[in-house]
Every structure is written in structure tokens, then in C-alpha cells.
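Okay, structure first, notes after.
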Amino acid sequence: MSTENEGNAVPPAPSAPPVPVGSPETAPQGPAAAGNPPTAPLPPVPQESPAAPEQGVAYQPVPAPDGTWPPPPATPAYGDGVGPGGPGGPGAGWGASYQQPAPKPRNGRGGLVAAVLVAALVAGGLGGGLGYTLARDSDGGGSTTVSASDSATQVKRAPGTIAHVAAKALPSTVTIEAESTNGEGGTGTGFVFDTQGHIVTNNHVVADAVDGGKLTATFPDGRKYDAEVVGHAQGYDVAVVKLKNAPSDLKPLALGDSDKVAVGDETIAIGAPFGLSNTVTTGIISAKNRPVASSDGSSTSKASYMSALQTDASINPGNSGGPLLDASGAVIGINSAIQSSSSGGFGSGQSGSIGLGFAIPINQAKYVAQQLIKTGKPVYARIGASVSLEESTDGAKITDQGTGGAAAVESGGPADKAGLKPGDVITKLDDHVIDSGPTLIGEIWTHKPGDKVAVTYKRGGQEHSVSMTLGSREGDS
């Protein structure tokens with residue numbers, strides 16, 4: 001799985017497709033007559049067109065991480081961020097020159113096609129001439145166009161339509177620009193959380209502005225405000241910023257219930273993909289409880305874990321931190337990561353949407369945001385045991401030794417009290433299947449400290465089940 005962050009400039013779109021390079025045999029001889037562009041003869045049409053190269057998406061295996069936390073990124077890329085993007089793959093970009101193929105020997109079929117083309121051009125020219133003449137002759141006789149009445153042009157955008165939801169939600173979203181003290185930065189998205197000026201976004205969107213950097217938030221109507229980071233949770237990939245001199249007319253977005261979301265529900269994503277602010281895209285919920293670990297790929301970055309909502313709504317670099325809405329306009333998630341192919345293509349160093357986007361469920365994000373506003377620090381649920389982060393389908397195995405030589409099962413911790421030991425393999429947390437260590441972490445973090453959970457584990461080939469009360473840890477360290 002790849003990791004990509006935004007930050008690279010996007011090449012401008014071409015104003016016109018590449019112009020074929022004429023061969024010497026077809027080049028015009030001598031200067032062209034004034035006012036008339038040179039023309040070239042039609043190239044013979046080949047009998048058969050070569051088959052288009054087969055397209056596909058390649059996925060590269062990720063080396064198994066060691067048992068230390070956090071694991072190296074082995075996962076979907078952040079949907080945007082404030083760092084350099086991943087390397088783009090080779091391939092022709094916009095503006096690549098086009099070499100006209102050498103003409104093939106003419107035959108009956110080729111000549112026939114060329115003749116038909118010429119005849120079509122002649123007929124087209126004749127029709128155009130007649131059309132112009134008729135229009136000119138009837139110009140004084142009044143217009144032949146029909147104008148719709150005002151009532152007929154009024155499009156009804158009833159509640160529940162995408163246009164209606166977008167119109168209500170857009171004024172409560174912002175485009176966030178984060179810049180570090182050395183001038184590096186990028187663009188992301190956020191949305192109004194309350195009337196006091198708090199904006200919820202991703203941690204990786206504002207990471208560069210945390211230590212003395214610059215942070216701004218711009219509304220769709222052009223109003224721009226300086227902002228400051230109130231708190232950020234790297235593990236959850238959630239952050240809260242506050243507008244300086246916040247306006248009094250802020251309208252927080254309504255928060256939905258992500259637990260009640262169903263696969264197939266419609267989704268609406270708002271963000272600034274590749275810096276294109278106030279962009280609205282749509283899709284559906286394509287999966288729930290998708291275990292995702294993501295990182296910006298830097299050597300100092302810790303992974304973020306989530307039991308994500310998966311959507312096929314188009315999410316690209318710059319969408320991160322933006323709201324994922326349901327059909328009623330309620331926020332059900334925070335767009336955070338994308339799975340992408342390894343090549344950015346089109347001359348870009350970043351990959352784009354392939355229909356696999358991931359959002360932090362709003363029920364979890366709401367709890368985290370409230371903690372950050374209250375104390376400035378995140379609080380994580382924990383079991384007090386070290387688990388292997390290697391990819392597996394068997395479950396989350398408690399390691400023989402913890403990080404830095406510490407005990408794998410913390411003495412007096414939740415796992416110890418529940419009777420778990422090194423070598424045990426956790427296969428379920430409540431009714432959720434656990435297939436690896438990262439999946440277990442993501443599921444634990446959907447809970448609050450003090451919650452009771454049912455743990456199913458295997459020891460010596462025998463399955464056991466036990467109740468556990470989750471502990472807590474404050475901060476990201």
C-alpha cells in the first residue's frame with residue numbers, strides 16, 4: 001500500500017491537445033498565402049488500429065514491520081497533507097510530442113475510406129454554406145429560437161438532493177493552509193464544529209503548523225482567518241483548530257450517527273482536492289469497519305489507526321479533514337486517507353482517487369474533538385499489552401516482549417487482569433473479527449476508557465473468551 005501527501009504543485013491542464021509533427025513528405029512547400037493557413041493532405045487510414053495497451057493497477061507488497069510502535073506506514077495514503085507527495089511513476093505527461101506514423105502503402109480499402117472522408121468534408125462544407133445563406137436571408141424575419149419562461153427554468157432542489165445538501169454544507173467548510181517555520185506546507189479541509197470558532201480537521205493537515213507555523217482558514221465566500229491549533233491527536237489523526245477573531249454567524253454542521261450507517265448509503269464529500277477549494281463529490285458507503293493504518297511516510301511519523309468508513313466518493317490530496325456527509329447533510333465521517341496506485345501519472349508526483357477513500361467515523365472523531373477542546377490532549381483506550389504488528393490473518397498475537405525490553409503484558413493492566421499472557425492470539429473484540437495487531441488497535445480506539453469489551457483469544461489451539469475493562473492513556477507519547 002502506498003503513502004502519499006499533498007504539497008506538490010499540480011501541472012496546468014493543456015490548452016490544446018498535442019499537435020502532430022508533420023513528416024518531411026507532407027510539409028508545405030513555400031510560404032503559405034496570406035490569411036490562409038497551410039493545409040496537409042489526409043493521411044491514409046490504416047486497415048486496422050493497434051489494440052490499446054491494457055490498463056491496470058499494481059499493488060506492491062509492504063515489508064512486514066517490526067514489533068515496535070508505531071508501525072511503518074503500510075497502508076492507504078493520507079487524502080492530503082502538508083508534506084511532499086509520493087514519487088510519481090514514469091509515463092508520458094501533458095505536452096509530450098506526437099510523432100506521426102509513417103504512411104502505409106495504399107490499397108483499395110484505404111483509398112475508399114479516404115474518398116468517403118473527402119466526400120463527407122465536401123458535403124459538410126456545402127451544408128454549412130447553405131445554412132449560413134439561409135440564416136443570412138432570414139435574419140430580418142425575426143429569431144427562430146425559443147426562450148423558456150422564468151417558471152420553467154426554476155430547478156427544484158428539494159431537501160435530500162445533492163445540490164440542496166451542498167448548498168447548506170459548503171458555507172460551514174473551510175480550506176486550511178498550513179505552513180511550517182521553514183516555509184513548507186500544504187492544503188487541507190475542515191468544518192465548523194461549534195459557534196465558538198472551533199474547526200475539526202485531520203492531524204496531518206495541520207502538523208506542520210503545530211510548532212510555531214502559520215495556519216489560515218478560508219470560507220467559500222472568501223473570508224479568511226488566522227487560526228491556531230487547540231489540540232491534535234496523531235494516533236486518531238484528528239485535530240481541532242480555532243479561528244482568531246471568529247465571526248458571530250458560524251453555523252456548525254450537524255453531526256450524524258456513524259454507527260447507524262449502512263453499506264450502500266449515499267455519501268457526499270467536500271474538500272479541496274489538489275487545492276481546488278469547495279469541491280463536492282458523491283458516492284456511497286462501500287464498506288464499514290475497514291481497518292486502516294496511515295502515515296505521511298516520513299521517518300519521524302507515527303501511524304494513525306482507524307476502523308474506517310470506506311467510500312467510493314472521489315477523494316484526493318486536499319480532501320483530508322473535510323466532512324463526509326450522508327444524504328441528509330449530517331457529518332458521518334472525516335475524510336482522512338486514500339488507497340492509490342503507485343504512479344501519480346499525468347506528470348504529477350501524487351496519486352489520485354481510485355474509488356477507495358477512508359473516513360474516520362464521526363462518533364469517534366466527536367469524542368476526540370471534545371477531549372482536545374477540553375484538555376488539549378487526546379485520550380486513548382488501551383489493554384496494556386504489546387501485540388505484533390506484522391500482517392496476519394490469524395489474529396493479534398501478544399508478543400513475548402514489549403517495546404524497549406518492557407513486559408509484553410503490563411502488570412496490573414487490563415490484559416493482565418483478564419488473564420491474557422504472551423503468545424495468546426486475540427481473534428475477536430466484541431463481535432468484530434480481529435485479523436492483525438493494527439486491526440485490534442483500530443477497534444480498541446473506537447471505544448472509550450472504562451468501556452467493557454468481550455475478548456476472544458486462542459491459547460495452545462484452544463479458544464477462550466473473557467471480559468475486559470479498557471484502561472486509558474493520555475497524549476501521543
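Numbers for residues simply follow the sequence, beginning at 1. Small disclaimer: the values here were computed from a predicted structure and weren't measured. When reading the values below, keep in mind they use all heavy atoms of this one structure, side chains included, and skip hydrogens, waters and symmetry mates.
Surrounding CG of N245 are at most 12 heavy atoms belonging to other residues, nucleotides or ligands under 6.0 Å away.
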Decide yes or no on side-chain contact (heavy atoms from CB on, under 4.5 Å) for V455 and I383, but give the supporting numbers first.
-> CA-CA 11 Å; V455 177; I383 65 171; over 6 Å; no
Trace of the side chain to side chain donor-acceptor pair (under 3.5 Å) decision for N335 with N319 | CA-CA 7 Å; N335 300 319; N319 275 105; over 6 Å; no
side-chain contact (heavy atoms from CB on, under 4.5 Å) between L243 and F219, intermediate numbers included = CA-CA 11 Å; L243 305 179; F219 285 87; 3.8 Å; yes
L309/I362 under side-chain contact (heavy atoms from CB on, under 4.5 Å): CA gap, chis, key distance, verdict | CA-CA 10 Å; L309 296 175; I362 195 60; over 6 Å; no
Derivation and outcome, side-chain contact (heavy atoms from CB on, under 4.5 Å), residues F191 and L255 = CA-CA 11 Å; F191 62 92; L255 305 183; 4.2 Å; yes
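Residue pairs satisfying the ring pair (Phe, Tyr, Trp, His ring centres under 6.0 Å) criterion with at least one member in residues 156-183, sequence neighbours excluded, are absent. Screening residues 447-465 for side-chain hydrogen bond (donor to acceptor under 3.5 Å, both in side chains), with sequence neighbours left out, gives D424-R459. Residue pairs that meet the side-chain hydrogen bond (donor to acceptor under 3.5 Å, both in side chains) test with at least one member in residues 265-292, sequence neighbours left out, are T175-S277, T267-T311, S286-Q310, R290-Q310. The ring pair (Phe, Tyr, Trp, His ring centres under 6.0 Å) pairs that include a residue from residues 362-403 are Y236-Y380, Y380-W445, where partners are two or more places apart or lie in different chains. Among residues at least two apart or in separate chains, there is no ring pair (Phe, Tyr, Trp, His ring centres under 6.0 Å) pair with a member in residues 405-439. A salt bridge (Lys or Arg N to Asp or Glu O under 4.0 Å) check over residues 162-172, counting only residues at least two apart or in different chains, returns nothing.
In this structure, D326 and V261 have side chains that are not in contact, with every pair of non-hydrogen atoms separated by 4.5 Å or more. Counting heavy atoms from C-beta on, the side chains of K224 and E177 come closer than 4.5 Å. Side-chain contact between D221 and P171 is absent, with no heavy-atom pair separated by less than 4.5 Å.
By the side-chain contact (heavy atoms from CB on, under 4.5 Å) test, D194 is found to be paired with Q196, H198, I373, residues two or more places apart in sequence or in another chain being considered. Qualifying side-chain contact (heavy atoms from CB on, under 4.5 Å) partners for T195, counting only residues two or more places apart in sequence or in other chains: P252. Residues passing the side chain to side chain donor-acceptor pair (under 3.5 Å) test with T427: none are found, sequence neighbours excluded. Every residue two or more places apart in sequence or in another chain that forms a side chain to side chain donor-acceptor pair (under 3.5 Å) with T439 is listed here: D435, S436. Scored by the side-chain contact (heavy atoms from CB on, under 4.5 Å) test, D249 finds R223, P247 as partners (sequence neighbours excluded).
Between the N202 side chain and the H204 main chain, no donor and acceptor come within less than 3.5 Å of each other. The backbone N or O of Q234 lies less than 3.5 Å from a partner atom in the side chain of S304, making a donor-acceptor pair. One N or O on the side chain of S258 and one on the backbone of N363 form a donor-acceptor pair closer than 3.5 Å.
For the residue pair A166 and V280, the shortest heavy atom distance occurs at CB-CG2, 4.1 Å. Smallest separation of non-hydrogen atoms from F193 and Q370: CZ-CG, 4.3 Å. Nearest heavy-atom pair across A272 and T189 is N-OG1, 3.2 Å. Of all heavy-atom pairs spanning P378 and L372, the tightest one is N-CD2, 3.6 Å. The two residues T181 and G213 make their nearest non-hydrogen contact at CG2-N, 4.1 Å. Taking each heavy atom of G197 and L250 in turn, the nearest pair found is CA-CD1, 3.5 Å.
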All N/O donor-acceptor pairs, side-chain side in residues 407-420, below 3.5 Å, sequence neighbours left out:
residue, atom, partner, partner atom, Å
E410, OE1, R382, NH1, 3.3
E410, OE1, R382, NH2, 2.5
D416, OD2, G412, N, 2.8

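With values rounded to the nearest 0.5 angstrom, T399 atom OG1 is found 9.0 Å from L389 atom CG. With rounding to the nearest 0.5 angstrom, the CG atom of L440 is 11.5 Å from the OG atom of S388. Here CD1 of I268 is found 5.5 Å from CD1 of I162. Values are rounded to the nearest 0.5 Å. Here the straight-line distance linking atom CD1 of I338 with atom CG of N316 works out to 6.0 Å at 0.5 Å rounding. The CD1 atom of I315 sits 9.5 Å away from atom CG of D312, with the distance rounded to the nearest 0.5 Å. Here the CD1 atom belonging to I441 is positioned 12.5 Å from the OG1 atom belonging to T446, to the nearest 0.5 angstrom.
Here the rule is side chain to side chain donor-acceptor pair (under 3.5 Å) with D237, and of S336, S294, S320 only S336 fits it.
For the residue pair S307 and E443, a side-chain donor N or O sits within less than 3.5 Å of a side-chain acceptor on the partner.
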